[in-house]
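Only this structure's heavy atoms are used, side chains among them; waters, hydrogens and symmetry mates stay out. Residue numbers start from 1 in every chain, and the chains themselves are labelled A, B, ... in the order their sequence lines are given, proteins ahead of strands.
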Number of protein chains: 2
Amino acid sequence: MAKSKEAKIVDTTTEERIKAAARVVFHKKGYAATRTRDIAEEAGINLALLNYYFRSKEKLFDIIMFETIFGFMQNMAMVLNEEKSTLEKKVEMIAFNYIDFITKEPNVPIFMLSELRNNAGRLLEKLPVKQLIMTSAFFRQHQEAVAKGKITEPNPLHFLMNLLSLVVFPFIAQPLLQGISNLNETQFNQLMQERKKLIPVWVKAMMKAK
Amino acid sequence: MAKSKEAKIVDTTTEERIKAAARVVFHKKGYAATRTRDIAEEAGINLALLNYYFRSKEKLFDIIMFETIFGFMQNMAMVLNEEKSTLEKKVEMIAFNYIDFITKEPNVPIFMLSELRNNAGRLLEKLPVKQLIMTSAFFRQHQEAVAKGKITEPNPLHFLMNLLSLVVFPFIAQPLLQGISNLNETQFNQLMQERKKLIPVWVKAMMKAK
DNA sequence: TCCATTTTTAATCAAATGATTAAAATGTTT
DNA sequence: AAACATTTTAATCATTTGATTAAAAATGGA
């Protein structure tokens, strides 16, 4: 490495700049619509450097994709596995954390889910998300609440789906929702901020319904 | 047109076969990942015929995209604008119709929303969805229910978002959900069928929550 | 049957795109 | 300073891809 350790505080290495640029462009346009030249331009580097550091577009994509899924699931896995917090608290945490996260990274959900549709097998097998979530405190607490009659719907997958639906879907459908409502981006984000408090209330009510 | 009117009952015209093939491939892979050769192969035609009938990939795509959005919104607009049915009945109809529709066309939601992200303006301006939905009986009935104190959340957009979230999102996240739950496709679809009855109950409970 | 029109095909083009190469520039070690 | 290693650049390649063209085939009407 030709770069001295302390020289650049604000700047980063070429390799990191390429990764950061690739993240931006891949998230925005998806794998197929992204040109390696787009990434090079975004990073302000010579096109050949992309191949010098990452061998190919596909290998670079795999890195970005893995980090994106991991970053998305990590937070959820942590919250769902907390032994101490209540089920209600977990719902609050998920709503709060993800609405903030997706507001900052609005392209991540649709990017992730679009690309997963092509390659779910290959991309998910590296991540031990299955174990982490299906055996989580969240699911155990749900079962306990069902046993006590506090929750009517016995399938924890419905519970998780509903929570994620209410949190994530509005962002995915943002262009459509703005198209039918005339909200600008700021107003839309305000609506999403409202949902931080509303979703836990709604989920609570839903799960007691019968 | 060299084709006689009654000649083919089971078969269709070349133009229709190209459109049907384009619909399949575009829905599955999106605009950027679709090659005109993929469409030609799917349709079983010579590549040049695509340009002969539709001029360009982009023009063909615009047709498919318009029809897809229109087909998706049409049903919703109709249900939301029924003057006679109750708000609760409308929720039931949306849940029932869309779960059936998306089960048959599982790629449509993510296709539509992905492509809208690039081109929301151009693609939505042709459709008068705004008027149809924002001034619908659905929204009016919602306001009436709010006035009567039967619904706590006064913003009808939250109401519509919640309904669509619960119906559509699980399909969009299907690869991820199957990845963490080990369900096969049949089991997943059974779960979705269950939601036809569950979602109306949940939505009802949510909207009374406070 | 003959002719004009429409439809289909095979061959080809030009531009875009992922990737490579050889040389230049920069940094490190001796 | 000299030698070596790493990083960067400009030029180029081979393939893919959307589109076109000219000719052939099929079709329908006179």
Point to revise | Distance-only donor-acceptor check, side chains A:Arg23 and A:Asn107, under 3.5 Å | key: no
Check your understanding: B:Lys90 and B:Ser85: side-chain donor and acceptor closer than 3.5 Å?
Key ->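 Their side chains do contain a donor-acceptor pair, which is all the 3.5 Å distance test asks for.
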Check your understanding: Side-chain N or O of B:Thr14 less than 4.0 angstrom from OP1 or OP2 on C:dT8?
Key ->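 It does, given that an N or O in the side chain of B:Thr14 lies less than 4.0 Å from OP1 or OP2 of C:dT8.
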**Study point:** Contact pattern, 5' to 3', of nucleotides 18-23 of chain D - B, S or - by protein heavy atom under 4.0 Å
**Key:** BBBB--
Check your understanding: Can we say A:Glu16 and A:Lys19 salt-bridge, meaning some charged N sits less than 4.0 Å from an Asp/Glu carboxylate O?
Key ->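 Salt bridge between A:Glu16 and A:Lys19, a charged N being under 4.0 Å from a carboxylate O: no.
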Check your understanding: In whole angstroms, how far is the C1' atom of C:dT9 from the CG atom of B:Leu49?
Key ->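 About 8 Å, once rounded to whole Å.
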Check your understanding: Could you state the interatomic distance from CD (B:Glu115) to CD1 (B:Ile69), rounded to the nearest 0.5 Å?
Key ->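 Going from CD on B:Glu115 over to CD1 on B:Ile69, the span is 9.5 Å.
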Check your understanding: Atom CG of B:Asn155 and atom CG of B:Leu160: how far apart are they, to the nearest 0.5 Å?
Key ->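 The distance works out to 10.0 Å.
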Exercise for review: Have a look at B:Phe54 and say if it touches a base, only the backbone sugar-phosphate, or nothing, with a 4.0 Å heavy-atom cut-off.
Suggested key: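 Contact class for B:Phe54: none.
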